[in-house]
> 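Below you will find the structure I want to go over with you.
Just so it is clear, the model here is predicted, and its values are computed rather than measured. Just so you know, ligand 1 is whichever comes first in the structure, and atom 1 is the first atom listed for that ligand. In this chain, numbering begins with 1 at the start of the sequence shown.
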Amino acid sequence: MRIARIVGTCGGPYPYVLLLTSLVGGALSPVLVWAVKLLLESLTGDASAGSARTTAVVLIAVASAGGLFLPRVVVHAQAELNRAVERHMQKEIFGRLGRLDRLSDFESPGFLNRVNLAQRTAHAVPTQVVTGAFGSLQAVTAIAGFSAALFAVQPFILLAVLSVALLVAAVEVVTSRLATKAMRETMSAARRQAFYTMMLTNPTSMTDVMMLGTGGFWLRRLDGDLARSHAALAAVDRTTLRWQVPALVANAAVVAGAALWVTREVVAARLSVGDVTVVLSGIAGLTASFTTTAKTAGNAVKGFMLFDDYLAVVDIPARGAAKTLTRPAPLTHRISVSDLWFRYSEQSDWALRGVSFDLVPGTTTAIVGVNGSGKSTLVKLLCGLYAPARGTIRWDGSSIDGFDPEAYRDHIATVFQDFNTYDMTAAENIGIGDLSASFDRERVRLAAERAGVHTLVSSLPNSYDTFLSRAFLSGDQPQQEAAPVSLSGGQWQRLAIARAFMRDDRGLVVMDEPGSGMDAAAEAEMTDRLRWFAPGAAKVIVSHRMNSVRRADHIIVLKDGELVESGTHDTLMAADGEYRRLFVTQASGYLDAAGAAAVPAPGPAREGAAS
Ligand SMILES: Nc1ncnc2c1ncn2[C@@H]1O[C@H](COP(=O)(O)OP(=O)(O)O)[C@@H](O)[C@H]1O
Ligand SMILES: [Mg+2]
């Protein structure tokens, strides 16, 4: 069993400590009951020897002391074991997630649910399984002890108590399965709730909340979801109660019957007063132990069910596990994209429809097209972040599908449209682009200069050590970094570009709208900055501002996922097609804005400018 193996490998001495304490701890209560019986019998003169009295007193002392001491050892050992197991499981989950090689996984709600469950699992399972398994063991030992004691007095009572206690246990197991199922079903709602609370706390979304007055709207959604998941959980509670009541009534009936019987037997002098303790304490002890077993076993069942969710994430098979993945050599000839088809899901439209083109080392290729034409999708496929439905991308003749994804991505420098901002220092925001450089100050500064952000960073309160944050984290920063600074969209974007410059020796450079947050002049200058990458690199720049890419060696035009035109600025203008239409529309927009006459447009220029 996997969980046993995990407990065994990372638990140190604790599983063994727990094994021992559970067995000894379980035996303590029955021993105590038996010792009390002996003591009572020696006092009422049923047993003659004074030595029996001494034995009884010593046993009572030892069992009582053990009963006080052992639970503390158990709690400590369980806590240590839980922590070790949780840490191991978290490492496994995030280790696996960090090595997944397709973004599509993270876009599937089913997958995200499973990840959520797995995370909860890593937190809950150790407690449930460890406490459940060892707690059950302890309770079972106690059951054995009490059963033996009861059996010695009257096998009949034992039988009655056992059957009722089993009933209680069965109810517990069934209902805890129901609870687990309900928890699973409310998982999407829990994720939505996290989203709503984020909407109501994150500064960026709060801007909208304030401006659009959507606070009440999000709250209603949050509350609605909360009400629905609570209703589902409450329904399980009611079912549980309905099942438990008859079992508990049966339990009480057996206790009453046994009490009646034992009293009559003592009055008739067929049993000793000591036997009364054994029967009454025995029944109480047995039912309590059974309830404990049922609870802990129920927890263990929950734990095992949840453990499957953990395995579902940890055991995601590696892509190409069957075939041997190769490491690509540096690019020398070309990257060929042929007949590339892609859609984000079976239900959605094709985002790319049979796109083919080549990227040549030492040249810059621009991808242009209106919003939603598939530019970002295309570059993400180039980076191997999604798998094409049809078609191939070849790197010097070899399909990138056969490459080890990490090794392939090591050849690429990127700035994506949805670039990241890190709640870290400016130097770290840049240096994380190449971890092998270990945040080397010289390289970070050079990258910042190349991205045109060095002057800005130098002017920050702590220069490169200024802590940058979107969220204005507070309180937990060391004194000298006490005041986190936030940047504008365009400034963050330049940091992202600097991050790409940490990888200036890569064979493929991809920049998706690298100047979208900047003014037109700054964006146009971005194309020039591409020269700081390796001269032999194949460079791809995506833009919807036609003017900023007109100097690219090669331009391809996407429309509705199709490559409709390609060539240089001059040939495309001469061709009088989509490119010219887009170019003229934008140019006339600028001229109009400047108050000058619109350029005479040979192409149709009625549709809105690309954005
Ligand atoms: N993660 C995604 N999931 C589903 N659809 C997407 C996703 N990203 C983009 N799309 C869709 O794919 C199409 C192309 O989008 P995209 O490549 O981002 O266009 P562009 O970069 O040219 O503006 C659009 O219709 C867009 O709605
Ligand atoms: Mg885009």
> Is the shortest side-chain N to carboxylate O distance from Asp404 to Arg99 below 4.0 Å?
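A salt bridge is absent here (no side-chain N lies under 4.0 Å from a carboxylate O).
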> Between Arg114 and Asp105, does at least one N-O distance fall below 4.0 Å, as a salt bridge requires?
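Salt bridge flag = no for Asp105 with Arg114.
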> Need the ligand 1 atom indices (1-based, order shown) with element for anything under 4.0 Å from a heavy-atom of Val370.
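Counting from 1, the qualifying ligand atoms are 22 (O).
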> Would the number of heavy atoms belonging to other residues, nucleotides or ligands and lying under 6.0 Å from CZ of Arg343 be above 12?
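Yes, CZ of Arg343 has more than 12 neighbouring heavy atoms, counting only those of other groups under 6.0 Å.
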> Would you mind telling me if ligand 1 is within reach of the side chain of Val542, the backbone, both or neither, using heavy atoms under 4.0 Å?
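Within the 4.0 Å criterion, Val542 makes no contact with ligand 1.
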> How far is atom 18 (O) of ligand 1 from its nearest protein heavy atom, and which residue and atom is that?
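Minimum-distance protein heavy atom for atom 18 (O) of ligand 1 reads Ser376 CB, 3.6 Å.
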> Can we say Glu578 and Arg581 salt-bridge, meaning some charged N sits less than 4.0 Å from an Asp/Glu carboxylate O?
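A salt bridge links Glu578 with Arg581.
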> Applying side-chain hydrogen bond (donor to acceptor under 3.5 Å, both in side chains) between His544 and each of Gln586, Lys375, Glu513, report the one that passes.
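The side-chain hydrogen bond (donor to acceptor under 3.5 Å, both in side chains) with His544 is passed solely by Glu513 among Gln586, Lys375, Glu513.
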> If you count every heavy atom of other residues, nucleotides or ligands that lies below 6.0 Å from Arg441 atom CZ, does the total exceed 12?
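Enclosed.
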> Heavy-atom contacts with Thr377 under 4.0 Å: which atoms of ligand 1 show up? List them by number with element.
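This gives 14 (C), 15 (O), 16 (P), 17 (O) as the contact atoms.
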> Gly369: heavy atom below 4.0 Å from ligand 1, yes or no?
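No, Gly369 has no heavy atom closer than 4.0 Å to ligand 1.
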> Give a yes or no on whether a salt bridge exists between Arg503 and Asp434, defined as a side-chain N under 4.0 angstrom from a carboxylate O.
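Answer for the salt bridge query: no.
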> Which part of Glu107 is near ligand 1, with near meaning a heavy atom under 4.0 Å away: side chain, backbone, both or neither?
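Only the side chain of Glu107 comes within reach of ligand 1.
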> For Thr332 and Pro361, which heavy atoms make the closest approach, and how far apart are they?
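So the two residues come closest at O-CG, 3.5 Å.
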> For the CG atom on Asp410, are there more than 12 heavy atoms of other groups (residues, nucleotides or ligands in this structure) within a distance under 6.0 Å?
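It does: Asp410 CG has more than 12 such atoms within range.
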> Heavy-atom contact under 4.0 Å between Ser348 and ligand 1?
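The answer is no: ligand 1 sits nowhere under 4.0 Å from a heavy atom of Ser348.
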> Within the 4.0 Å heavy-atom shell around Ala351, which atoms of ligand 1 are there?
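Answer, ordered by atom number: 12 (O).
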> Quick check on the Mg ion (ligand 2): does Asn371 put an N/O/S atom closer than 2.8 Å to it?
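Asn371 does not place any N, O or S atom closer than 2.8 Å to the Mg ion (ligand 2).
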> Numbering the atoms of ligand 1 from 1, which are under 4.0 Å from a heavy atom of Asn371?
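Every atom of ligand 1 under 4.0 Å from some heavy atom of Asn371: 23 (O).
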> Heavy atoms of the protein only: does one fall short of 4.0 Å from atom 26 (C) of ligand 1?
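Looking at atom 26 (C) of ligand 1, one finds that no protein heavy atom lies closer than 4.0 Å.
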> Specify the protein heavy atom at minimum distance from atom 20 (P) of ligand 1: its residue, its atom name, and the distance to 0.1 Å.
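Scanning the protein heavy atoms, the shortest distance from atom 20 (P) of ligand 1 goes to Gly372 N, 3.5 Å.
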> For a distance under 2.8 Å, tell me if Thr377 has an N/O/S atom near the Mg ion (ligand 2).
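No, outside the cut-off.
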> Looking only at distance, does Leu378 have an N or O less than 3.5 Å from an N or O of ligand 1?
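N/O-N/O distance under 3.5 Å: no.
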> For atom 3 (N) of ligand 1, which of Tyr386, Phe342, Tyr344 has the closest heavy atom?
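Going through Tyr386, Phe342, Tyr344 one by one, Tyr344 has the nearest heavy atom to atom 3 (N) of ligand 1.
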> If you have a sec, read the angle at the Mg ion (ligand 2) from Gln417 atom OE1 over to Ser376 atom OG, to 10 degrees.
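For OE1 of Gln417 and OG of Ser376, the angle centred on the Mg ion (ligand 2) reads 90°.
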> Check whether more than 12 heavy atoms from other residues, nucleotides or ligands sit under 6.0 Å from atom CD of Glu107, and answer yes or no.
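Yes.
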